[in-house]
Amino acid sequence: MLTPLGGQREASWNALLAGQRGLHRLSVEDQSLGEWPDRAAGGPVAFDLDAPSLSLETPTDRLARCAAEEALADARLDLSECDRDRVGCVVGTSKGCMRSFARRLHPSFDETQSPPSAWMSAWTSGPADNLSRLLDLRGPLLSPVSACATGLSSILRGAELIREGVCDVVLAGSADASLTPAMLASFRRLGVLAKGDDEPAFSVKPFDRRRSGFLVGEGAAMFVLEAAEHARARQRSAYAEWLTGGGMADATGLTQLNPDPTALVRLIEDTLRRADLSPCDIDYISLHGTGTAANDDVEARAIQQALGSSASKLCCSSLKGSIGHLLGAAGSVEFAAMLLAIRDSRIPPTVNLREPEYDLDFVPNVARQRDVHVAIKLSLGFGGHLVAGIVSQPR
């Protein structure tokens with residue numbers, strides 16, 4: 001896991017638990033393509049994306065590769081001992097590497113100094129192609145696109161490949177490096193960025209009455225998904241067991257969110273039913289929680305309607321006040337934090353929450369000690385992409 005709080009898993013996790021914030025006002029030094037839009041702020045990932053790397057790697061490729069290397073080392077998975085035809089790669093970005101697009105479109109870019117194949121590395125499938133080639137993965141190669149739900153969609157699709165018997169192991173996750181003037185200007189025109197009057201570290205306020213939007217961050221998270229019997233044969237324990245997940249479309253508009261939470265309510269209820277769980281079985285929900293007026297309202301009301309009286313008894317939190325909105329990487333990074341919450345029995349806080357608008361336990365500002373047996377991750381994306389995933393402590 002790489003986030004604006006740290007260049008590896010444990011550094012990011014410890015900073016999240018400490019309530020730290022990785023968002024700051026961007027300067028010209030944060031990029032090389034001209035001035036940022038007035039008052040723009042965000043969270044670059046906490047390592048140098050422009051450092052020398054493998055040939056033709058985009059910044060998004062590098063994020064995905066570094067996260068994948070950490071995940072494979074953590075799993076102690078020797079790919080040479082696996083049937084590579086049964087090792088899949090499911091990696092999303094939601095829109096390709098915007099940093100690479102921006103560089104190629106800049107007047108100073110010299111096309112003659114770049115091989116033709118470099119253009120394809122900026123496509124949405126770039127990180128998945130790069131990892132599959134570097135690691136010689138010969139199973140299914142997929143790159144889901146579902147806007148800001150892409151990260152969780154990738155994990156869901158990877159788990160399905162294992163459940164369907166197609167793969168023994170899947171390298172799954174997502175990465176995003178989109179801190180470019182054009183992207184920030186687009187979000188500003190949509191009116192979804194947090195107001196620039198506050199210090200960036202304190203301006204993103206999920207589920208607070210004073211919320212005004214999100215700030216953009218960069219990052220990645222990758223996972224080794226493995227069939228239980230395959231992991232047992234290697235004598236490896238797991239962070240969690242994937243129970244089930246699902247997706248739904250609510251095509252209200254390209255960027256609008258339907259104020260009626262019915263679709264999200266149905267997704268939560270259907271996912272619980274497939275997992276043979278009741279609302280009282282849930283200990284923690286990792287929320288999408290962008291800090292926009294529309295998203296937080298729909299998400300909070302959906303939880304209350306779907307879970308009934310159990311909603312006020314569980315813990316839930318949004319990480320976007322700490323790391324920003326990681327766009328295509330949001331679902332995977334937040335899913336990673338949820339697994340670590342299960343591992344350590346500690347729930348990361350929703351920072352900057354002073355005036356909660358809803359009767360839910362958002363774990364405001366300070367991490368909470370609590371055993372997490374079952375947890376849900378929710379991700380929402382522009383265009384009506386709704387995705388949910390449920391995990392439990394490993395049996």
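One-based numbering along the sequence shown. Atom set for the values below is all heavy atoms of this structure, side chains included, hydrogens, waters and symmetry mates excluded. Everything numeric in this text was worked out from a predicted model, so none of it was measured.
Within the model, atoms CE of Met222 and CG of Leu63 stand 11.0 Å from one another, a figure rounded to the nearest 0.5 Å. Rounded to the nearest 0.5 Å, atoms CG (Leu137) and SG (Cys167) are 10.0 Å apart. With values rounded to the nearest 0.5 angstrom, Cys89 atom SG is found 5.5 Å from Leu171 atom CG. To the nearest 0.5 Å, atoms CZ (Arg368) and CD1 (Ile347) are separated by 7.0 Å.
Between Arg234 and Glu226 there is a salt bridge, since at least one side-chain N of the basic residue sits less than 4.0 Å from a carboxylate O of the acidic one. Electrostatic pairing of Asp176 and Lys95 counts as a salt bridge here, judged by a charged N lying under 4.0 Å from a carboxylate O. Between Arg354 and Asp208, no side-chain nitrogen of the basic residue sits less than 4.0 Å from a carboxylate oxygen of the acidic one, so the salt-bridge criterion is not met.
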What do the steps show when you test Arg138 against Asp136 for salt bridge (Lys or Arg N to Asp or Glu O under 4.0 Å), and what is the final call? CA-CA 6 Å; Arg138 303 169 196 163; Asp136 189 23; 2.6 Å; yes
So Arg25 and Glu199, salt bridge (Lys or Arg N to Asp or Glu O under 4.0 Å) or not? Walk me through it. CA-CA 8 Å; Arg25 196 167 300 280; Glu199 185 63 28; 5.2 Å; no
Check the pair Arg62, Asn130 against side-chain hydrogen bond (donor to acceptor under 3.5 Å, both in side chains), reporting the backbone distance first and the verdict last. CA-CA 9 Å; Arg62 184 164 182 247; Asn130 189 50; over 6 Å; no
Go through it in stages, so that I can follow the logic: the residues are Arg163 and Glu160, the test is salt bridge (Lys or Arg N to Asp or Glu O under 4.0 Å), and I'd like the CA-CA distance, side-chain angles, deciding distance and then a yes or no. CA-CA 5 Å; Arg163 284 273 169 87; Glu160 288 173 344; over 6 Å; no
Trace of the side-chain hydrogen bond (donor to acceptor under 3.5 Å, both in side chains) decision for Asp359 with Ser312: CA-CA 7 Å; Asp359 184 22; Ser312 60; 5.4 Å; no
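Residues Thr271 and Gly246 share a closest heavy-atom pair of OG1-N, 4.5 Å. Heavy-atom minimum distance, Ser318 versus Thr350: N-OG1, 3.1 Å. Counting all heavy atoms, side chain and backbone alike, Pro144 lies closest to Thr150 at O-CG2, 3.4 Å. The minimum heavy-atom distance between Leu225 and Ala159, with the atom names listed, is CD1-N, 3.6 Å.
Between the side chain of Asp283 and the backbone N or O of His373, at least one donor-acceptor pair lies under 3.5 Å. No donor-acceptor distance shorter than 3.5 angstrom exists from the side chain of Arg21 to the backbone of Ser322, with no hydrogens or angles considered. Judged by distance alone, the side chain of Asp168 and the main-chain N or O of Arg86 form no donor-acceptor pair under 3.5 Å. With Arg211 contributing its side chain and Ala293 its backbone, the two residues share a donor-acceptor pair below 3.5 Å. Between the side chain of Asn352 and the main chain of Val204, a donor-acceptor pair closer than 3.5 Å is present.
Legend: residues meeting salt bridge (charged side-chain N to carboxylate O under 4.0 Å, His left out) with Asp297, ordered by chain and number and at least two apart, are Arg301. In this structure, Glu355 has no side chain to side chain donor-acceptor pair (under 3.5 Å) partners at least two apart in sequence or on a different chain. For Arg346, the side chain to side chain donor-acceptor pair (under 3.5 Å) criterion is met by no residue, not counting sequence neighbours. Partners of Tyr239 according to the ring-ring contact (aromatic ring centres under 6.0 Å, His included) rule, which considers only residues two or more places apart in sequence or in another chain, do not exist here. By the ring-ring contact (aromatic ring centres under 6.0 Å, His included) test, Tyr284 is found to be paired with no residue, residues two or more places apart in sequence or in another chain being considered. For Glu10, the side chain to side chain donor-acceptor pair (under 3.5 Å) partners are Arg343, not counting sequence neighbours. Asp270 pairs by the salt bridge (charged side-chain N to carboxylate O under 4.0 Å, His left out) definition with Arg266, Arg273, not counting sequence neighbours. Here Ser332 pairs with Ser174 under the side chain to side chain donor-acceptor pair (under 3.5 Å) rule; sequence neighbours left out.
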For residues 377-392, dump all side-chain donor-acceptor pairs below 3.5 Å to protein atoms at least two apart in sequence or in another chain.
{"from": "Lys377", "atom 1": "NZ", "to": "Ser286", "atom 2": "O", "distance (Å)": "3.3"}
{"from": "Lys377", "atom 1": "NZ", "to": "Leu287", "atom 2": "O", "distance (Å)": "3.4"}
{"from": "Lys377", "atom 1": "NZ", "to": "Glu334", "atom 2": "OE1", "distance (Å)": "2.9"}

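Listed by first and then second residue, the ring pair (Phe, Tyr, Trp, His ring centres under 6.0 Å) pairs involving residues 132-182 amount to none (not counting sequence neighbours). Residues in residues 158-185 take part in no ring pair (Phe, Tyr, Trp, His ring centres under 6.0 Å) pair, two or more places apart or across chains. Legend: ring pair (Phe, Tyr, Trp, His ring centres under 6.0 Å) pairs involving residues 253-277, not counting sequence neighbours: none detected.
Connection of Met1 to Leu72 is not established within any shared hydrophobic cluster, with ILVMFWY side chains joined at heavy-atom distances below 4.5 Å, either directly or through further cluster members. In terms of hydrophobic clustering, with Ile, Leu, Val, Met, Phe, Trp and Tyr side chains grouped at heavy-atom distances under 4.5 Å, Trp13 and Phe335 are assigned to a common cluster.
For the pairing with Thr252, the side-chain contact (heavy atoms from CB on, under 4.5 Å) check across Leu257, Asp260, Asn258 returns one residue only, Asn258.
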